[in-house]
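Notes to accompany the following structure.
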Amino acid sequence: MPAFDFPPLAWWGLPLVAVPLVIHLINLLRYRRVRFAAMEFLLASQRKYRTRVLLRQMLLLALRTLAIAGVVLALAQPRWRSAAAGLFGRGGLQIVLLDDSLSMGERDGHATAKTAFERAKGVAGRIAATATGRGDTLVVASFSGLTAAEPAPLLPAQPASADTVQRGRDALARVATSWLACGPREPLDRVPTLAADLPVAGSTLWLVSDFRHHDWHDAESAAAVRRLSEMGVTIRLVDCGPDATASTASDATTTSNLTLVSMEAVGGVPATGVLVPVELEIRNDGPALVRDVQVELREDGASRAGLQIAEIPAGVSATRRFEVRFLQPGAHVVEARLPPDRLPADDGRLCVVDVVDHVDVLLVADDGADPRSGDAFYVATALAPGTAAGTGVRPRLERPAALAALDLAAYDCIWVLDVERLDPAAVDAIERHARAGGGVVFFCGPRTRADVVNRTLHREGQGLFPVPLAGAVEVLPGPGPGRVPDIVAEQHPVVTGLSGGRNPLLDAVRVDRVMAVARGFDEAAATGLQRLISLRDGGALMVEKPFGKGLVAAVLTTAAPTWNNWARGDPSWVVVMLELQSHLARQRRRAESLLVGDDVRIDLAAGSDENMVDFLVPPDAALVRQVAAPTDDGGFQVRLPTRLPGAYAARWRRRDGTEREQVAAVNVDAIEGRLERAGRERLARHLAGVPFRMDAADELDPAGGTLAGLPLARPLLVGLLVVLLLEQCVALAAGYHVAPSRRC
């Protein structure tokens, strides 16, 4: 069925079709009847040729009428919609896709101003009202609705009517900006499924968004638009960003905004009464430097002293640390918040610190180790110096033979101190501990045998030990009285306070003997291998590598002052040992931090835990009960989707009657804080070869512009030209023209 891009021109112009008829009738009234003899011969001729003349005049009148109608219709830009829609009395398909990602909550700086999503909802209402007048089929969907596990549009495909528009408005009134970082790619891929039984070819897609650069700089989003265009879909882009106009929509713009990117506990032992450092990162996503940034801090809902950052340059992140101390065990929530700005949703962040009464570590030493002066003594003294300096660490000394019988899951970290050999059962137990997220530390010494370590622990890179060993070697002293320190701290979190320049804490450390790394071993090619401390001559002294979910470190010298003097009164020894313990146990004790949209997962042990979990979800700690589902490894797992930021507490009971609790911090994706917009020019480059039209939300006229269907303007103009040529020919044949006289 035909439709018009400019319907008013058709309704106002079609009455002009009657102009030739009116002129013809007026001309008939101008004749006067005068009878005289000579006219009788003419009247006889007229009666003879009357039918032929009348036919010519009627044909001429019809051609002139058709010419005027053709001009009016050409100006109204007609289109032919799908034949199937015309047969069943339906118009074109109008698909409205709303971006409801987190960045759509941006305001233009005024508290009373509309957000981008509020403008988007107004646009959807105007499109729906226009579609009603044309008899179109209407679909309205949001980004978050199409990225859900079970996609659902706000308004399913149905013929546009007053009732449909009202249902659409009611659905739009109930929705708000989501907390998700949902980009356009996946929703665009699911657009063909919204058309129900209608063909998507010839439809119009209204993509209503703020068009952030981070959503459109990748090729996948552009490819999704290109696929729809190739299917015959007309692409209409509507910019709902703040201050979007026809002039500004052509340029990429960046607005001021501060984003709390991350916050987490970065060290220390999370035990009662022990200071735990927490690090937060704030990014300045605006175009100008920001001064005197105030950060509000809360612990378990109670205010505490905040932070002040003097300045953050444009496009730069600032990192700050503060310390927390909790006197009660359990999960504690730490929250940070910035002053409200253009996008308040990314101004807050939280983390969870799981505090325990104490942290158990296991020290493993050979039978001949002296508990008062051997390696175990110096490690235990560094980790737990006494009640005067509580660290929260409780060491336990055991022999290698006990490893297979102990429940290693009770220990955050296992320290293997100059052990000659470990039997296969002990090696297997330690490897299971590391794979589950536990930490392992190896110290070398006189009892360490390189061949045994390489065969049982390193196993050509497949085992626990990070590097293959060649054997013990002497470290030659440096020349002269002002010699270079024997050890050098690398850029690593464990020794971050000791690295960089000359450090007096390391200058006094002397290393006489180490276990050398096997010659030919390529550290750079080893997956995940990192150095913590190097020797003066460039050799390795302390290295680490991941193993499963845990970390394994190797110190290629003794803990006791046998091959070195590090543990003999040097304060850096205690600092490094405590930081190493915290670092290795961090993987296991790290509180779960998720992004909105992720699932909170609780793993339950079959036979030990009940299969019912109660969740307390934000914002009002509403109770949600979930039943566990079996997993492939024989256990059970509970999953809870998240749609809001906050702390999600999971509680369940064990079969022995005890209760368990696990708290997860759920935050927004910091990428949404990057408010730089793509603009028409960038989009034209990303969508090269795709015809589209882009309008500002406040200036959009849904009735104008390009609608769905096949354009008929060009064939109509060709037909109009043919009609005009025929009209001239018929006018020449039907007119009374005197033939030019011929002169002899």
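Only this structure's heavy atoms are used, side chains among them; waters, hydrogens and symmetry mates stay out.
For the residue pair Thr147 and Glu186, no side-chain donor N or O sits within less than 3.5 Å of a side-chain acceptor on the partner. In the model, Glu490 has a side-chain atom that pairs as donor or acceptor with a side-chain atom of Ser534 under 3.5 Å. At a cut-off of 3.5 Å, with distance as the only test, a side-chain donor of Arg639 or Gln637 sits close to an acceptor on the other residue.
Checked for salt-bridge contact, Arg677 and Asp210 miss the test: no charged N lies under 4.0 Å from a carboxylate O. With salt bridges taken as basic N to acidic carboxylate O contacts below 4.0 Å, one links Arg674 and Asp285.
By the 4.5 Å heavy-atom criterion applied to side chains, Phe143 and Leu180 are not counted as neighbours. Between Trp566 and Val576, the closest side-chain pair of non-hydrogen atoms falls below 4.5 Å. The side-chain heavy atoms of Glu544 and Val494, taken from C-beta on, include no pair separated by under 4.5 Å. You'll find the side chain of Asp412 stays beyond 4.5 Å of the side chain of Val269, heavy atoms only. Annotation: side chain of Pro493 is not in contact with side chain of Glu579 (no heavy-atom distance under 4.5 Å). Looking at heavy atoms from C-beta onward, Val666 lies out of side-chain contact with Trp179 at the 4.5 angstrom threshold. Here the side chains of Leu188 and Leu205 are in contact, with some heavy-atom distance below 4.5 Å. Contact check for Pro187 versus Leu97: side-chain heavy atoms found under the 4.5 Å cut-off.
Judged purely by atom type and a 3.5 angstrom limit, Asp100 uses its side chain to pair as donor or acceptor with the backbone of Ser144. Side-chain atoms of Thr259 do not come within 3.5 Å of backbone N or O of Val261 as any donor-acceptor pair. Formation of a donor-acceptor pair under 3.5 Å by the Asn284 side chain with backbone atoms of Pro313 is found in this model. Put simply, the side chain of Asp599 never gets that close to the backbone of Arg601: no donor and acceptor are under 3.5 Å apart. No side-chain donor-acceptor contact under 3.5 Å links Arg349 to the backbone of Glu264. Between the side chain of Ser221 and the backbone N or O of Asp215, at least one donor-acceptor pair lies under 3.5 Å. Looking only at distances, a side-chain donor or acceptor of Asn257 sits under 3.5 Å from a matching main-chain atom of Gly673. The backbone N or O of Ile309 sits nowhere less than 3.5 Å from a side-chain atom of Arg320 that would complete a donor-acceptor pair. Proximity of a side-chain donor or acceptor of Asn667 to a complementary backbone N or O of Leu350 within less than 3.5 Å is detected. Of the possible polar contacts, none joining the Asp620 side chain to the Ala622 backbone as a donor-acceptor pair under 3.5 Å is found.
Ring geometry for His332 against Phe326 counts as parallel: the plane angle stays under 30°, on a 0 to 90° scale with 60° as the upper cut.
Distance check: Arg651 CZ to Ile602 CD1 gives 12.5 Å after rounding to the nearest 0.5 Å. How far OG of Ser178 is from CG of Asp99: 8.0 Å, rounded to the nearest 0.5 Å. We find the CG-NE2 distance between Leu532 and His492 to be 4.0 Å, quoted to the nearest 0.5 Å. The distance from the OG1 atom of Thr642 to the CZ atom of Phe615 is 11.0 Å, given to the nearest 0.5 Å. Taken from CG in Leu154 to CZ in Arg174, the straight-line distance is 9.0 Å, to the nearest 0.5 Å. In this structure, the separation between CZ on Arg337 and CG on Leu297 is 11.5 Å, given to the nearest 0.5 Å.
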>> Go through it in stages, so that I can follow the logic: the residues are Asp695 and Asp239, the test is side chain to side chain contact (heavy atoms under 4.5 Å, CB included), and I'd like the CA-CA distance, side-chain angles, deciding distance and then a yes or no.
In response: CA-CA 6 Å; Asp695 299 280; Asp239 186 3; over 6 Å; no

>> Checking Glu672 against His214 for the side chain to side chain contact (heavy atoms under 4.5 Å, CB included) test, could you report, in this order, the C-alpha distance in whole Å, the side-chain angles of both residues, the deciding distance, and whether it holds?
In response: CA-CA 8 Å; Glu672 289 294 296; His214 64 80; 3.3 Å; yes

>> Quick one, Leu275 with Val324, criterion side chain to side chain contact (heavy atoms under 4.5 Å, CB included). Give me CA distance, side-chain angles, the key distance, then yes/no.
In response: CA-CA 6 Å; Leu275 290 173; Val324 296; over 6 Å; no

> Going through the checks in order, is the side chain to side chain contact (heavy atoms under 4.5 Å, CB included) test met by Val441 and Val379?
Replying inline: CA-CA 11 Å; Val441 183; Val379 172; over 6 Å; no

>> Could you go through Arg298 and Glu296, starting from their C-alpha distance and side-chain angles, then the distance that decides it, and tell me whether this counts as salt bridge (Lys or Arg N to Asp or Glu O under 4.0 Å)?
In response: CA-CA 7 Å; Arg298 303 178 72 87; Glu296 177 188 353; 3.5 Å; yes

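Closest heavy-atom contact between Lys549 and Ala436: CB-C, 4.1 Å. Scanning both residues, Leu594 and Val600, for their nearest heavy atoms gives CD1-CG2, 3.7 Å. Considering all non-hydrogen atoms of both residues, Val276 and Ala265 come closest at CG1-CB, 4.0 Å. The shortest non-hydrogen separation linking Leu529 to Pro466 is CD1-CB, 3.8 Å. For Val238 against Ala696, the heavy-atom pair with the smallest separation is CG1-C, 4.5 Å. Considering all non-hydrogen atoms of both residues, Ala697 and Cys240 come closest at CB-SG, 3.7 Å.
Applying salt bridge (charged side-chain N to carboxylate O under 4.0 Å, His left out) to Glu106 and the options Lys114, Arg119, Arg212 leaves one that passes, Arg212. For the side chain to side chain contact (heavy atoms under 4.5 Å, CB included) test with Trp415, the passing option among Leu383, Leu584, Val440 is Leu383; the others fail. Of the candidates Arg660, Glu661, Glu659, Trp652 forms a side chain to side chain contact (heavy atoms under 4.5 Å, CB included) with just one, namely Arg660.
For Gln308, the CD atom sits in a packed shell: over 12 heavy atoms of surrounding residues, nucleotides or ligands are nearer than 6.0 Å.
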